[in-house]
There are 2 protein chains.
Amino acid sequence: MLSAGKTFRHGQILRLVSDGSIANQEDLRRRLAAQRLRVTQATLSRDLQELRLIKTQRGYKSASTLPDDQSPERPLARALGEFLLDIRPAENLLVLKTPPSGAQPLAAAVDGAKFPEIAGTIAGDDTVLIITPNKKSRESLQRRIEALLK
Amino acid sequence: MLSAGKTFRHGQILRLVSDGSIANQEDLRRRLAAQRLRVTQATLSRDLQELRLIKTQRGYKSASTLPDDQSPERPLARALGEFLLDIRPAENLLVLKTPPSGAQPLAAAVDGAKFPEIAGTIAGDDTVLIITPNKKSRESLQRRIEALLK
DNA sequence: TATAAAAATACAGTAGGCTGTATATTTGAA
DNA sequence: TTCAAATATACAGCCTACTGTATTTTTATA
């Protein structure tokens, strides 16, 4: 299904939720159904989890400011699968090559993974530069990233 | 398998091929195997097709300069699945919302699809603005894009 | 043209992602 | 606390992408 359905649904959920008038998942389900997006409550439960939306008195709200107890490597694994073309080590630096325009999303995913080895990242159009304190930490990071590939 | 293997393998194929020393698919297979990427000749045949690499006297070469007879909507469908959060029509304009940093890649994919309705696109960080000559063409374009969603 | 090497593909199996159904758990109000 | 509503999840099915095997088709060379 290419998952376009899911991503688009997520966008619609964010939009509906930001309007602030969603009382519960059944409510959300009806709103989506009204625009031809028919899914079950179970699916919405999963969606809200993936989107990190938590319920408040006034509807749902982003939980992105809350502690990050989810595994941060999941979205990174996806991004790597989608974008990574090559890994090039260079002393304390790690260069990730992507197709044109792939660097920004991949860098965001790398940042999101919050690897302790990483001092910082810089992304251009098709290149992500990851800076680590030293060669050892780069090697460690590289192993962890490569482990996410297969 | 998350296809991480495939994208990364494609990157490695591009790298090996650019070195110019690949004689044939069996040769390429051995080179990849030497770096722990073990696949069959059949898979490489498919990879080279996807990468549009054609054989020349001196190895393989990009065929991207050749006429574009492939459907341009494939990568767009992927990009939409990956990035599209919302579609907002406005007279002769179509606004595509994406997650942060999603606009550039999505815009590139839209551009790549070469829709005749499109006069131009402008992308920021999370918004792609598509300009069409008039409302009719915007409606047409919108239908075509929405058809790629499911 | 005949032949062998190279490349392409038909076919089938595998694996993972997504979703619905049905059920369990949690939450909140009385 | 108790009950009903709301939410989460175990389970299974479906679908698609990917890949290997085995074979066919193409290419190039003698």
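Note that the coordinates shown come from a computational prediction; the quantities given were computed from them, not determined experimentally. So you know, we letter chains A, B, ... as the sequences are listed, proteins then strands, and number each from 1.
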Seminar exercise, completed: Those residues at least two apart in sequence (or on a different chain) that pass side chain to side chain donor-acceptor pair (under 3.5 Å) with B:D27 are none
For this session: Would you mind reading off the distance between B:I22 atom CD1 and C:dA6 atom C1', rounded to a whole angstrom?
Result: 15 Å
Hey, can you pull the donor-acceptor pairs under 3.5 Å for the side chains in residues 92-103 of chain B, sequence neighbours left out?
unit_1	atom_1	unit_2	atom_2	d
B:N92	ND2	B:T132	O	3.0
B:K97	NZ	B:T127	OG1	2.9
B:T98	OG1	B:A103	N	3.1

For this session: Would you mind reading off the distance between B:L44 atom CG and C:dT9 atom C1', rounded to a whole angstrom?
Result: 15 Å
Problem set entry | For atom CG of B:L53 and atom C1' of C:dA8, their distance in whole Å | 15 Å
For this session: Indicate whether OP1 or OP2 belonging to D:dA8 is found under 4.0 Å from a side-chain N or O atom of A:S45.
Result: yes
Exercise. What one-letter contact string describes nucleotides 21-30 of chain D from 5' to 3', where B marks a base within less than 4.0 Å of any protein heavy atom, S marks contact via sugar-phosphate atoms alone, and - marks no contact?
Worked result: B---------
Exercise. Separation of B:R29 atom CZ from C:dA5 atom P, in whole Å?
Worked result: 16 Å
Problem set entry | B:L76 and B:L148, any side-chain heavy atoms less than 4.5 Å apart | yes
Problem set entry | Distance in angstrom units between A:L149 CG and D:dC18 P, rounded | 15 Å
Problem set entry | d(CG, A:L48; C1', C:dT27) in whole Å | 16 Å
Exercise. Would you call A:E82 and B:T7 a side-chain contact if the rule is heavy atoms closer than 4.5 Å?
Worked result: no
Exercise. Between A:E50 (CD) and D:dT7 (P), how many Å, whole number?
Worked result: 17 Å
For this session: Identify, with sequence neighbours excluded, every residue that meets salt bridge (Lys or Arg N to Asp or Glu O under 4.0 Å) alongside B:E50.
Result: B:K6
Exercise. What is the bend of the helix from C:dT1-D:dA30 to C:dA30-D:dT1 when you compare the axis at one end with the axis at the other, using five pairs each and rounding to 10°?
Worked result: 30°
Check residues 40-48 of chain B and write down every donor-acceptor pair under 3.5 Å in which the side-chain atom is one partner and the other belongs to a residue at least two apart or another chain.
unit_1	atom_1	unit_2	atom_2	d
B:Q41	NE2	B:Q25	OE1	3.0
B:D47	OD1	B:R9	NH2	3.1
B:D47	OD1	B:H10	NE2	2.9
B:D47	OD2	B:R9	NE	2.5
B:D47	OD2	B:R9	NH2	3.1

For this session: Just jot down the side chain to side chain contact (heavy atoms under 4.5 Å, CB included) partners of B:R38, sequence neighbours excluded, or say none.
Result: B:A33
Exercise. Is A:L84 close to A:L149 at the side-chain level, that is, under 4.5 Å between some pair of heavy atoms?
Worked result: yes
Sequence neighbours left out, cut at 3.5 Å: what donor-acceptor pairs do the side chains of residues 11-23 of chain A make with other protein atoms?
unit_1	atom_1	unit_2	atom_2	d
A:Q12	OE1	A:R15	NE	3.2
A:Q12	OE1	A:R15	NH2	2.6
A:Q12	OE1	A:Q35	NE2	2.8
A:Q12	NE2	B:L85	O	3.3
A:Q12	NE2	B:D86	OD1	2.8
A:R15	NE	B:D86	OD2	3.4
A:R15	NH2	A:Q35	OE1	3.0
A:S18	OG	A:L14	O	3.4
A:S18	OG	A:R15	O	2.7
A:S21	OG	A:R31	NH2	2.5

Seminar exercise, completed: By side chain to side chain contact (heavy atoms under 4.5 Å, CB included), B:R36 pairs with (sequence neighbours left out) none
For this session: Applying side chain to side chain donor-acceptor pair (under 3.5 Å), name anything that partners B:E26, two or more places apart in sequence or on another chain.
Result: B:R29
Exercise. Please give, in whole Å, the distance from D:dA17 P to B:R78 CZ?
Worked result: 8 Å
Problem set entry | Phosphate contact (C:dT19 OP1 or OP2) by A:R9 side-chain N/O below 4.0 Å | yes
Quick one: which protein N/O atoms are closer than 3.5 Å to N/O atoms of nucleotides 3-6 of chain D? Pair and distance per line, please.
unit_1	atom_1	unit_2	atom_2	d
D:dA6	OP1	A:N24	ND2	3.1
D:dA6	O3'	A:K55	NZ	3.1

